[in-house]
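Values in this document were obtained by computation on a predicted structure and should not be read as measured data. Just so we're on the same page: letters track the sequence lines, and every chain starts at 1.
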Protein chains: 2
Amino acid sequence: MAALDINIGLNAVIMAVTEGAPRVLTVHKGILSEYAPAEDRPTALPFGPFEPNRHRTLELGLREWVEEQTGLSLGYVEQLYTFGDRNRDPRERADGSRVVSIGYLALVRENSPFRTKDAEWVNCYDFLPWEDWRKGRPPLLDQFIFPALDRWIVAEPEEQIQRAERASIAFATTDSRWDVERVLDRYELLYEAGLVVEAKRDAVLKKNEVSVGRSFALDHRRMLATALARVRGKIKYRPLVFELLAPTFTLLKLQNVVEALSGVGLHKQNFRRLVTNNRLVEQTGNMDTESRGRPAALFQFRRDAVRERSQPGVGLPVRQSP
Amino acid sequence: MAALDINIGLNAVIMAVTEGAPRVLTVHKGILSEYAPAEDRPTALPFGPFEPNRHRTLELGLREWVEEQTGLSLGYVEQLYTFGDRNRDPRERADGSRVVSIGYLALVRENSPFRTKDAEWVNCYDFLPWEDWRKGRPPLLDQFIFPALDRWIVAEPEEQIQRAERASIAFATTDSRWDVERVLDRYELLYEAGLVVEAKRDAVLKKNEVSVGRSFALDHRRMLATALARVRGKIKYRPLVFELLAPTFTLLKLQNVVEALSGVGLHKQNFRRLVTNNRLVEQTGNMDTESRGRPAALFQFRRDAVRERSQPGVGLPVRQSP
DNA sequence: ATAATATATACTCAATTTGACTATATATAC
DNA sequence: GTATATATAGTCAAATTGAGTATATATTAT
């Protein structure tokens, strides 16, 4: 028996780094218009249904929708994850249908030209404010998140140990250091603890009354967390950063983009030693003119690095002291 | 307009390591019965359609199908990738429908009890023989693969440079070392070069007349390659191996499982130094009795390692000399 | 019983990589 | 000219890795 009434949605987490922050492209119109009045229609990811007769591959379908909704022609695209839990999407409630959404990650360069048709770049850390440690430990961790997590941990005596362990791993509550890659673990924990509004929308838990971070339509914040986790992990072993940079750049520019994505400050001298000794970049011979202090040399990505090194990524020599 | 006639398939790459080889669970019956006579019906992955009214989540649907088809109750499961290209599945040809398949990876322990209802464990390297370097460089690389790849590279003068570069990265044809993680890159290159039979089945290329490795139904060999690539990568930073081992094990047993998966021989002393110094395992106090030489201490996974280390994996100190 | 063989485990040592600095150079802003 | 901002070179100890040697304790063959 063939399954009836399945719709496949294609969602794009399109990221760029501008003005020192990782940004995600959001839309307000589109498929969700009918479910909310125009004024408080939630921010959403570019989205479109997969249409088998029109789209030869899933990725081509995604590219078409993004171009149609935002005017942006995507370069680097990779598939993230497929989300299919029941009741993710309000459109399911009316009929008995099911919407399965395939999330994609796309990386675009600063100032990629596109007609801005209802699309807007938003700082990723508006949605996930606990992930930005560049100016030190975010105060909202100790002010809101940890107290609320503690309440959640003791709320269910039988699960107390497992909950405490999960919180300890995800948020480095005990001795271990903050792991920049556990973005999704942290989001999912906050969701289960009822600390993000979508948990209440989905009626998972109503105990905690605090809520942190800007909300997104449906499960789009989870998709963003999935994307950021992927980028932070992959940046170390694949030359992803260069998809976000102009063809030539200074080492400081490169470092700032890596810092924006990973959410931690890096040790400048050690960072530059890593990328140059690994021969991931090479000098172009030109110098940067718009700098404040001493002019910096302009570098470019060395494509041969992919052939020479098995893990051509950037490494994160975290700076301890501020 | 809602998309018409989409079916979602759930496929499981179920892996175990037995008798020194990574194995994948295969079936011969099931959904594919109608498309081939019983005798030369191809080996396939356990498969079932996603049924929205029956399955609350995609993963639960997969678990149900696997249990129904193989009698196996899965433990560790993770989603791999969603495959949706046109003409992946012969069932599409009859009507204009589309089958989108979500691939999952599952890891089970040696001797997991299950009723063998048409299911069979097959050595993964039967399908991907060029991936097993434990007994040195596989001869079929120089005998068949490289000559055929060379013909493919020069066949299209305009793409020659890109093809040569891709081959160089995937197969370490030039100076760089064999990268155990590039399993999918290598499979995809062989597919494009027409060196695996499914390429001819799909009429991608018919020029090369050699074909390497045992074939799988549909695009199931690609799914296996995706799974092996994932395991080889993830084993280094997540404690996956222990899903494949009995609760207690000797360090040699652990090493052999890692070697089977990664397809390379490891330096024994350095391997043991890594896992013990990282405190990934701890002694149980008991000794192994069934060994040949000096009895080995029995170890177990140290769960606290996940909290203490940000990358609790095993590391691959490759042995150079045989 | 003894030798050969297989495996376990301890230990060494040089080379490389990393973390945390110091020092110096070359711009612009005031 | 001084303060300030940034770039870049170099130092040095600690930790990690790669490639071994040495020794211990079992079983199997003779």
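- Between B:R272 and A:R292, it is B:R272 whose nearest contact on DNA chain C lies nearer the 5' terminus.
- In this structure, the side chain of B:R319 engages the main chain of B:L266 through a donor-acceptor pair within 3.5 Å.
- Atom C1' of nucleotide C:dT18 and atom CG of A:L274 are separated by 8 Å, given to the nearest angstrom.
- If you check C:dG19, D:dA9, D:dT6 against the side chain of A:R273, the one that comes closest is C:dG19.
- Atom P of nucleotide D:dA15 and atom CG of A:N270 are separated by 16 Å, given to the nearest angstrom.
- Taking only side-chain nitrogens and oxygens, B:K268 comes nearer than 4.0 Å to OP1 or OP2 of C:dA8.
- With hydrogens and angles ignored, no donor-acceptor pair under 3.5 angstrom links the side chain of B:R319 to the base of D:dG20.
- Spacing between atom CZ of B:R294 and atom C1' of D:dT28 amounts to 19 Å, rounded to whole angstrom units.
- For B:F249 and B:F242, the gap between ring centers is short of 6.0 Å.
- In this entry C:dA29 has D:dT2 as its Watson-Crick or G-U wobble partner, both defining distances falling under 3.5 Å.
- For B:A296 and A:V318, each mapped to the nucleotide of DNA chain C holding its nearest heavy atom, the one lying further toward the 5' end belongs to B:A296.
- The separation between A:Q269 atom CD and D:dC12 atom C1' is 14 Å, rounded to whole Å.
- Distance CZ (B:F271) to P (C:dT7): 17 Å, rounded to an integer number of Å.
- Residue whose closest nucleotide on DNA chain D sits further toward the 5' end, between A:G293 and A:F299: A:G293.
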For B:V180 and B:L316: C-alpha separation, side-chain torsions, deciding distance, then whether side chain to side chain contact (heavy atoms under 4.5 Å, CB included) applies. CA-CA 10 Å; B:V180 300; B:L316 301 181; 4.0 Å; yes
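- Among the atoms of the strands shown, only primed sugar atoms or phosphate atoms (P, OP1, OP2) are found under 4.0 Å from some heavy atom of B:L252.
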Please lay out, stage by stage, how B:L195 and B:L149 fare under the test side chain to side chain contact (heavy atoms under 4.5 Å, CB included). CA-CA 8 Å; B:L195 283 169; B:L149 278 182; 4.1 Å; yes
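- A:R232 and A:S262 are not linked by any side-chain donor-acceptor pair at a separation below 3.5 angstrom, with hydrogens and angles left out of the test.
- One interatomic measurement links the two molecules: CG of B:N277 to P of D:dT16, which rounds to 8 Å at whole-angstrom precision.
- One can place CD of A:Q283 at 13 Å from C1' of D:dA9, the figure rounded to the nearest angstrom.
- Protein atom CE of B:M287 is 15 Å distant from nucleotide atom P of D:dA24, rounded to whole Å.
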